[in-house]
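Please read the structure below before turning to the comments.
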Amino acid sequence: MKLKEMFNELIEELEKDNSNEGFDFQNNFMGMTSSDNGHHLVYGKRASQLFTDFSSIIYKNCDKKDKVESSVFRQIVINKIVNIITDKDFSNENPKVNIRLIKSEVEAHFNQLQNRIYHFPASTLDFNTKKPINLGDVKISSITDWLNTVDFSPEIKKMYSSSRNNENWKTDVVECLQKKLPENEIDGLAEAVYRTVKNSNSMISIEIIGYEERLSEKLAKQICKTALDMISLLLGGQRFFYNNVLQLERLPSLKYGDFTVTNGYLNLPSSGLSKVFLPPLDEVQYEDIDQKILRMQFPYSFVIRGLVDPAYVSCPNLVSRWCFALNWYAEGMRESNDAIAVAKLASCLDTLSSSGKSVGIKELLCNIYNCKDEYILFDKDGLEPVTVHSFVKRFYEEGRSRILHGTLKNMLESFEFGVDRNRLAEVARWVLLELVNRLCRYKGKDDDIAFRDMQYGDE
């Protein structure tokens, strides 16, 4: 159906749905919308479908579609249609004119997209206590440093009631965090901020440019999560991935315990600390972390900037692919089930190779290790040596595929993946780190399979 025919039918449906003949709310109601001039319209199933179809056609031809979610775009299109057809001077004698006006109004709306700054509370290893860490557009600050850079407007300070002085809200928050001021003695802005940050020690900040609000927030959260996962990847080890997380991340409890029964009687509970626990680091360790982050600041910043603004890099597809692989890796490291972790970690290498088959992953590993299929991995520390070919066959064909396709014989078989998990985590970590260093210097084609043979400074 052409856009003109679609628009004409939509007008007819809306007129029918909002006529005096009555509307079948029980069987046909799909929604209600309001125009900017205060008119309300209900619409039924057919009108709802026409709204969707009409919006989809305009969306496909919109130059801002990469920065606007289709569902949000649909709501704006509906609003502009309703604004036009409820105008007292509306006439549909020339539908093409009305359609052009709708397109123009929608385009004007999305040409006014604002830049937005986001601040997400997070828990980190306190590596940012001396000074903030900058990775591209992401800034990782301590709560105290962050407080020194922000403030509420005078209007909000007056509007938000407080028995204390809202002008001193920062001081109250800091003193509460330092346990110098009891929680029950603060209110107003200080209480609102303290409730939000009291279980966090860091703030991750980023500015997103030119995206619709809902998509902007999703992108901001994902990029900030990626920045923290980058640091955990660099430091290595599962515990780091539990200790560098946004506030909204799902985490296991710090302490755990369970009970058993002997001769019908309850035994005393066992207890332990989960992998969320990380022994305190000393100054030497923090200095080592600082140096590691400094060495990786350029490649990591390159990737972050490529996510915020794909036009900044010549290979946005590869930047995005590397980040998706890191997401798989991070989720694999946080996964408690060894078999599921193997599937996620294998998906990390599968994403990088863009193959969907073991042959692509073998090409990727042979490129990174500069070797052939027969190259021996893990020939150290008492581990059983294994070739690249055998390793990929084990974790991909016998591991990931069987796990995802549900062909494991029983639950006990899934317990055998512990060793595979650790080996896979070690290899995937090295591949990710090596590729991001090559990627930031890469000048070649933005090809899905480029990681399989990417070298430093490829033209």
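For reference, positions follow the sequence shown, starting with 1.
- One finds no salt bridge joining K16 and E12 here, because no Lys/Arg side-chain nitrogen approaches an Asp/Glu carboxylate oxygen to under 4.0 Å.
- Between Y396 and F391, the closest side-chain pair of non-hydrogen atoms is not below 4.5 Å.
- Ring-plane geometry between F73 and F110 is classed as parallel, the angle between the planes falling under 30 degrees on a 0 to 90 degree scale with a further cut at 60.
- Between the side chains of N83 and N37, no donor N or O sits under 3.5 Å from an acceptor N or O.
- A donor-acceptor contact closer than 3.5 angstrom is absent between the side chains of R321 and T351.
- Figure legend: cation-pi geometry between K275 and Y242 absent, as NZ or CZ is not positioned both under 6.0 Å from the six-membered ring centre and within 45° of its axis.
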Under the side-chain hydrogen bond (donor to acceptor under 3.5 Å, both in side chains) criterion, do K64 and N111 qualify, and how do the steps go? CA-CA 8 Å; K64 292 282 197 307; N111 280 337; 3.1 Å; yes
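- Of all non-hydrogen atoms in E335 and A341, the two that sit nearest each other are CG-N, 3.6 Å.
- Expressed to the nearest 0.5 Å, how far CG of L235 lies from CG of L125 amounts to 6.5 Å.
- Atoms OG and CG, from S55 and L50 in turn, are 12.0 Å apart once rounded to the nearest 0.5 Å.
- Considering every non-hydrogen atom in both N367 and F451, the closest pair reads ND2-O, 3.2 Å.
- Using a 4.5 Å heavy-atom cutoff, the side chains of M230 and V303 are in contact.
- Of the N and O atoms on the side chains of S314 and Y442, not one donor lies less than 3.5 Å from an acceptor on the other residue.
- Salt-bridge annotation for E69 and K218: present, with a side-chain N of the basic residue lying under 4.0 Å from a carboxylate O of the acidic one.
- The 12-atom threshold is exceeded at CD of Q222, counting heavy atoms of other residues, nucleotides or ligands nearer than 6.0 Å.
- To the nearest 0.5 angstrom, L246 atom CG is 9.5 Å from T226 atom OG1.
- S71 has its side chain within reach of R214: a pair of non-hydrogen atoms, C-beta onward, lies under 4.5 Å apart.
- With a 6.0 Å radius and a threshold of 12 heavy atoms from other residues, nucleotides or ligands, F324 has its CZ atom at or below the threshold.
- Contact of the T171 side chain with the V174 side chain is not registered, since no non-hydrogen atoms from C-beta on lie closer than 4.5 Å.
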Given side-chain hydrogen bond (donor to acceptor under 3.5 Å, both in side chains), test D187 with S163 step by step and report yes or no. CA-CA 7 Å; D187 61 4; S163 61; 2.7 Å; yes
Show me the donor-acceptor pairs, under 3.5 Å and distance only, between side chains in residues 289-299 and residues at least two apart or in other chains.
unit_1	atom_1	unit_2	atom_2	d
Q291	NE2	E287	OE2	3.1
K292	NZ	D288	OD2	3.4
Q297	NE2	N134	O	2.7

Could you please spell out the steps behind the side chain to side chain contact (heavy atoms under 4.5 Å, CB included) verdict for Y312 and D137? CA-CA 12 Å; Y312 174 83; D137 299 87; over 6 Å; no
Test log, rule side chain to side chain contact (heavy atoms under 4.5 Å, CB included), inputs E217 and Y118: CA-CA 8 Å; E217 183 177 1; Y118 297 91; 3.8 Å; yes
Could you give me the CA-CA distance, side-chain angles and deciding distance for W169 and D151, then say whether side chain to side chain contact (heavy atoms under 4.5 Å, CB included) is met? CA-CA 9 Å; W169 70 271; D151 202 355; 3.0 Å; yes
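- Distance check: L349 CG to L432 CG gives 7.5 Å after rounding to the nearest 0.5 Å.
- Between K67 and E212 there is no salt bridge, since none of the side-chain N atoms of the basic residue sits less than 4.0 Å from a carboxylate O of the acidic one.
- Aromatic rings from Y286 and F127 are positioned such that their centres are separated by 6.0 Å or more.
- For the pair Y211/V68, no side-chain contact is recorded, criterion being any heavy-atom separation below 4.5 Å from C-beta on.
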Might you work through the salt bridge (Lys or Arg N to Asp or Glu O under 4.0 Å) test for R334 and D229, ending with a clear yes or no? CA-CA 11 Å; R334 295 188 186 100; D229 287 341; 2.5 Å; yes
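- Contact of the I449 side chain with the S355 side chain is not registered, since no non-hydrogen atoms from C-beta on lie closer than 4.5 Å.
- Checked by atom type, the side-chain pair K170/N148 shows no donor-acceptor distance below 3.5 Å.
- With hydrogens and angles left out, the side-chain atoms of Y194 and D172 include no donor and acceptor closer than 3.5 Å.
- By the 4.0 Å N-to-carboxylate-O rule, E331 lies close enough to K225 to be salt-bridged with it.
- Between the side chains of N79 and E105, no donor-acceptor pair is found at a separation under 3.5 Å.
- Taking the side chain as every heavy atom from C-beta outward, I117 and I206 never approach each other to under 4.5 Å.
- Relative ring orientation between F23 and F29 is described as perpendicular, the plane-to-plane angle rising above 60° on a 0-90° scale split at 30° and 60°.
- Atom CH2 of W328 has 12 or fewer heavy atoms from other residues, nucleotides or ligands within 6.0 Å.
- With respect to E434 and R438, a salt bridge is recorded, a charged nitrogen being found less than 4.0 Å from a carboxylate O.
- Taking 4.5 Å as the limit, some side-chain heavy atom of M454 sits within range of a side-chain heavy atom of L439.
- Annotation for C323 and L307: closest pair SG-CD1, 3.4 Å, computed over non-hydrogen atoms.
- Using modelled atom types, one finds a donor on one side chain and an acceptor on the other under 3.5 Å when comparing N92 with N8.
- There is a side-chain donor-acceptor pair under 3.5 Å between D145 and S142.
- Residues R239 and S232 have side chains that never bring a donor and an acceptor to within less than 3.5 angstrom of each other.
- Under the 3.5 Å distance criterion, with hydrogens and angles disregarded, no donor-acceptor pair is assigned to the side chains of N422 and E426.
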Which is it for K198 and E183 under the side chain to side chain contact (heavy atoms under 4.5 Å, CB included) test, yes or no, and what are the steps along the way? CA-CA 10 Å; K198 68 177 182 178; E183 293 183 25; 3.9 Å; yes
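- Annotation for S353 and D350: closest pair OG-O, 3.1 Å, computed over non-hydrogen atoms.
- Taking the six-membered ring for Trp and the full ring otherwise, F152 and Y160 have centroids separated by 6.0 Å or more.
- At most 12 heavy atoms of other shown residues, nucleotides or ligands fall within 6.0 angstrom of atom NZ in K393.
- The CG atom of L41 lies 6.5 Å from the OG1 atom of T86; values are rounded to the nearest 0.5 Å.
- The CG atom of D309 lies 13.0 Å from the CD1 atom of I304; values are rounded to the nearest 0.5 Å.
- Between E213 and R116 there is a salt bridge, since at least one side-chain N of the basic residue sits less than 4.0 Å from a carboxylate O of the acidic one.
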